[in-house]
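Everything quoted here is computed from the prediction, not taken from an experiment. Below, all heavy atoms of this structure are taken into account, side chains as well, without hydrogens, waters or symmetry copies. Counting starts at 1 for both ligands and their atoms, in listed order.
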Amino acid sequence: MENQKRYGHFDDQHREYVITDPQTPWPWINYLGNEDFFSLISNTAGGYSFYKDAKFRRITRYRYNNVPMDNGGRYFYIKDGDTVWNPGWKPCKTPLDFYECRHGMSYTRITGRKNGVEASVLFFVPLKKWCEVQKLTLKNESAETKTLKLFSFEEWCLWNAATDMENFQRNFSTGEVEIEGSTIYHKTEYRERRNHYAFYHVNAEIQGFDTDRETFVGLYNEFADPQVVMEGKPRNSHAHGWSPIASHYIEVTLKPGESKDFVFLLGYIENEQDEKFEAPQVINKKKAHALIAELDTTEKVDKAFAELNAYWDALLNIYNVKTGNDKLDRMVNIWNQYQCMVTFNFSRSASFFESGIGRGMGFRDSNQDLVGFVHQIPSRARQRIIDIASTQFPDGGCYHQYQPLTKRGNNDIGGGFNDDPCWLIFGTVAYIKETGDFSILDEMVPFDNQPGSEVTLFEHLKISMDHVINNLGPHLLPLIGRADWNDCLNLNCFSWDPNESFQTTENVSEGTKAESLMIAGLFVVTGKDYVALCKKIGKDAEAVRMQKAIDAMIEAVKKHGWDGEWYLRAYDFYGRKIGSNECDEAKIFIESQGWCTMAEIGADEGMVAKSLDSCKKYLECEHGMVLNNPAFTKYIYEYGEISSYPEGYKENAGIFCHNNPWVIIGECLAGRGNDAWSHYAKILPSYVEEKYQTLHKVEPYVNCQMVAGKDAFKPGEGKNSWLTGTAAWMWYTVSEFILGIKPDYDGIRIDPCLPETATDYTVSRKFRDAEYTITIHPNGQQKGVRSIVLDGSPVDGTVVPYAPGRHTVEVTM
Ligand code: BGC
Ligand code: NOJ
């Protein structure tokens with residue numbers, strides 16, 4: 001019964017998820033901001049903000065994994081007589097008469113009501129502005145005049161989120177603020193090497209403030225009962241060191257029925273070196289004043305909000321489907337695309353599971369994210385490809401991650417993940433197919449960001465392919481290096497030391513033996529794309545050269561990578577099979593099934609069908625397909641981190657949602673629409689939402705990285721929501737393979753793969769300067785297009801040729 005409880009519901013018309021109970025099973029968050037300035041916000045207003053980089057430019061402080069959970073955020077305390085409450089319930093947790101949180105496209109609106117007062121806060125980051133707007137509307141719904149005491153609250157982070165959490169001997173002495181009218185400025189370290197400061201402003205006269213945390217909260221109080229709020233009196237504290245905060249105090253009188261808006265702004269400013277100060281020790285506030293002036297009235301804020309909504313209207317109008325199945329339509333048209341934007345922006349850096357300090361932008365992750373994002377804003381995708389390629393080394397290897405602020409490769413992690421290079425082809429091909437912009441291939445791109453080292457992007461693609469070819473093992477399969485897509489399959493690591501990271505430990509050997517079938521499949525899939533690209537741009541000799549390498553790889557997989565019922569996963573350091581029926585545990589893995597079926601290796605020999613059947617037989621369970629089966633029950637020194645996880649979690653037989661779509665695409669290519677759909681629906685958030693809100697725990701409107709697998713203590717429990725390659729892969733799968741609308745160099749390829757029960761549906765697709773309205777008549781078929789009619793004339797084959805303008809397409813299966 002427990003699992004029947006619901007905490008919210010979808011509101012498709014407004015593109016919102018509406019949370020009606022603040023005590024969700026886990027904080028359910030949203031992201032604000034689209035470029036440069038970003039915030040994370042939970043359903044109780046917890047979270048933090050940063051500029052570009054969650055590690056190096058953290059604006060407000062956040063405490064991860066705290067007690068209570070989700071501690072710290074932007075809080076409004078309302079003191080109404082003896083009652084103190086917050087619109088988002090936390091931190092006071094005063095029971096509310098009404099609570100609602102609406103997470104929408106880059107905005108969140110939280111509304112609370114207590115004793116005849118309604119407080120509604122709209123949070124968003126205006127387009128192209130470096131600030132978070134918090135528009136608070138207070139309304140007196142009672143029959144008496146109300147005099148309320150309002151306290152705002154933000155806590156500053158001392159910029160570097162990592163040292164902020166550890167270097168207290170310094171931090172407690174550096175904090176500095178300035179107060180000017182209704183604006184509180186945070187300027188720690190500005191006196192020396194920083195040229196940036198932050199501010200917290202309100203567009204109203206204030207009757208007091210506080211900037212010192214200890215004064216405001218009290219050393220032995222909590223966010224739930226700050227002493228200043230409880231006393232109903234600010235102390236006008238001026239922080240010197242310790243922990244600077246920003247709190248405004250406002251007295252508000254409201255007649256019955258009256259309402260008032262307050263615009264709070266959390267802003268970030270950078271100054272030129274010679275313009276830092278307006279007087280000794282006094283920061284130059286010119287830019288802050290200008291930013292404030294742009295948003296100092298309700299009208300200006302409403303206009304900025306309307307612009308944000310229009311921006312999302314436009315983005316979500318590019319691909320839109322009407323199937324009549326609300327659960328599918330809302331994921332395709334709204335939430336999946338939204339999550340793709342978020343993963344594009346953040347890669348795997350900042351969520352409620354990623355602290356924002358450990359990981360930057362992943363080489364592999366960001367390339368995959370592109371496939372979910374490229375149709376939204378191709379110009380940003382283009383820049384991303386160049387940024388990623390600039391972290392490559394001359395031999396085709398690359399940094400595994402780079403830092404968004406500096407765009408430099410991250411030395412702590414280094415390189416050596418041998419799948420990484422192939423993903424550059426994956427991302428670039430997706431970009432060119434979407435845009436038709438082949439000129440990107442001629443862009444001059446450096447190695448390791450070294451000026452003078454530039455070669456064309458095409459050259460980067462070539463050395464990416466060559467990196468695989470130059471690193472083959474004894475079975476002529478790709479050497480795995482530190483790991484492949486599965487960061488935890490560390491076959492050259494051999495670690496007995498708990499103080500070292502599996503990912504970065506110096507490999508005992510660079511690995512002359514351990515080989516990966518996942519990379520083999522990836523090489524064939526991206527290799528075919530590379531060959532097609534070469535032919536397209538007249539590099540025929542290169543196409544022939546690479547086709548030979550692909551053919552050889554296919555032969556190697558057939559000969560050394562097939563286990564009888566499924567594809568092997570790898571060979572270990574000693575040349576022993578991994579993911580074989582001969583193994584005691586982990587006899588079958590999903591990654592090689594996904595990639596080798598996507599590559600259609602051995603399709604004619606029946607390998608593909610057998611592999612897909614084995615996925616159903618051994619990997620599938622109620623909540624999706626697990627990564628491997630059976631789970632490892634003990635640590636295997638030769639395998640590394642994968643066997644460090646308890647059974648059913650993460651890379652040890654968890655349902656890694658990310659790789660379920662690989663098998664689903666394999667199913668689609670094989671024409672098995674019923675199976676593809678049933679796998680897909682199992683991990684589609686809207687289906688999970690309906691049944692498992694409590695068990696699943698994490699946000700029901702987005703995919704999470706992992707759902708506990710069948711061998712876990714609690715199968716079906718989700719973790720690591722939001723930042724996962726699952727977003728892009730779910731999008732790629734449903735938009736291009738299930739619904740079957742696939743951008744191609746010369747037009748749109750239409751080749752759906754559907755369950756027999758599918759009924760007619762329509763996709764409207766903006767594509768370059770054209771707009772296609774495509775209606776598909778499945779006629780009970782799972783696969784196979786019988787006829788395509790474009791603007792009244794039949795089309796040969798499955799590609800609708802590109803031509804600017806509006807077009808109508810009728811497809812009969
Ligand atoms: C996780 C992986 C992740 C890796 C990043 C591991 O602990 O299990 O999912 O990719 O860390 O370094
Ligand atoms: C999460 C990482 O971000 C991704 O790059 C990796 O492929 C998966 N974990 C699997 O290990």
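Contacts with ligand 1 closer than 4.0 Å are made by side-chain heavy atoms of R359 only, the backbone lying farther away. Counting heavy atoms under 4.0 Å from ligand 1, residue F502 does not touch it at all.
Short contacts between ligand 2 and Q705, defined as distances under 4.0 Å to a heavy atom of the residue, involve ligand atoms 1 (C), 9 (N). Each of the following atoms of ligand 1 lies closer than 4.0 Å to a heavy atom of K650: 1 (C), 2 (C), 8 (O), 9 (O). Short contacts between ligand 2 and R364, defined as distances under 4.0 Å to a heavy atom of the residue, involve ligand atoms 4 (C), 5 (O), 6 (C), 7 (O). Each of the following atoms of ligand 2 lies closer than 4.0 Å to a heavy atom of D365: 2 (C), 3 (O), 4 (C), 5 (O).
Among protein heavy atoms, atom 6 (C) of ligand 2 sits closest to W485 O, 3.2 Å. For atom 7 (O) of ligand 1, the closest non-hydrogen atom of the protein is E641 OE2, 2.5 Å. Protein heavy atom nearest atom 9 (O) of ligand 1, with residue, atom name and distance: E651 OE2, 2.6 Å. For atom 4 (C) of ligand 1, the closest heavy atom belonging to the protein is Q503 OE1, 3.5 Å. The protein atom (non-hydrogen) at minimum distance from atom 8 (O) of ligand 1 is Y645 OH, 2.6 Å. For atom 2 (C) of ligand 2, the nearest non-hydrogen atom of the protein is R359 NH2, 3.3 Å.
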(Q) Set out, in order, the CA-CA distance, both residues' side-chain angles and the distance that settles ring-ring contact (aromatic ring centres under 6.0 Å, His included) for W423 and F363, then state yes or no. (A) CA-CA 8 Å; W423 295 109; F363 191 99; 9.8 Å; no
(Q) Using the rule given for side-chain hydrogen bond (donor to acceptor under 3.5 Å, both in side chains), can you reason through H375 versus E434, listing the C-alpha separation, both sets of side-chain angles and the distance that settles it, and then say yes or no? (A) CA-CA 6 Å; H375 66 291; E434 180 67 35; 5.5 Å; no
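In this structure, the side chains of E500 and S495 come closer than 4.5 Å at one or more pairs of heavy atoms. A 4.5 Å side-chain heavy-atom check between K697 and W28 finds every atom pair outside the cut-off.
Residue contacts with ligand 1 include Q705, since one of its heavy atoms falls under 4.0 Å from the ligand.
For the pair D53 and R57, the salt-bridge criterion is not met [side-chain N within less than 4.0 Å of a carboxylate O].
Between D487 and ligand 2, an N or O atom pair is found at a separation short of 3.5 Å.
Using cut-offs of 30° and 60° for the angle between ring planes, the W729 and W595 rings count as perpendicular.
Residues C488 and Y645 come closest through the heavy atom pair SG-CE1, 4.0 Å.
When M706, E651, E591 are ranked by how near their heavy atoms come to atom 9 (N) of ligand 2, first place goes to E651. When N652, N720, D487 are checked for heavy-atom proximity to atom 3 (C) of ligand 1, D487 turns out nearest.
Here the rule is salt bridge (Lys or Arg N to Asp or Glu O under 4.0 Å) with R364, and of D487, D369, D484 only D487 fits it.
Separation of atoms CD (Q593) and CG (L568) is listed at 9.0 Å; rounding is to 0.5 Å.
More than 12 heavy atoms of other shown residues, nucleotides or ligands fall within 6.0 angstrom of atom CG in D497.
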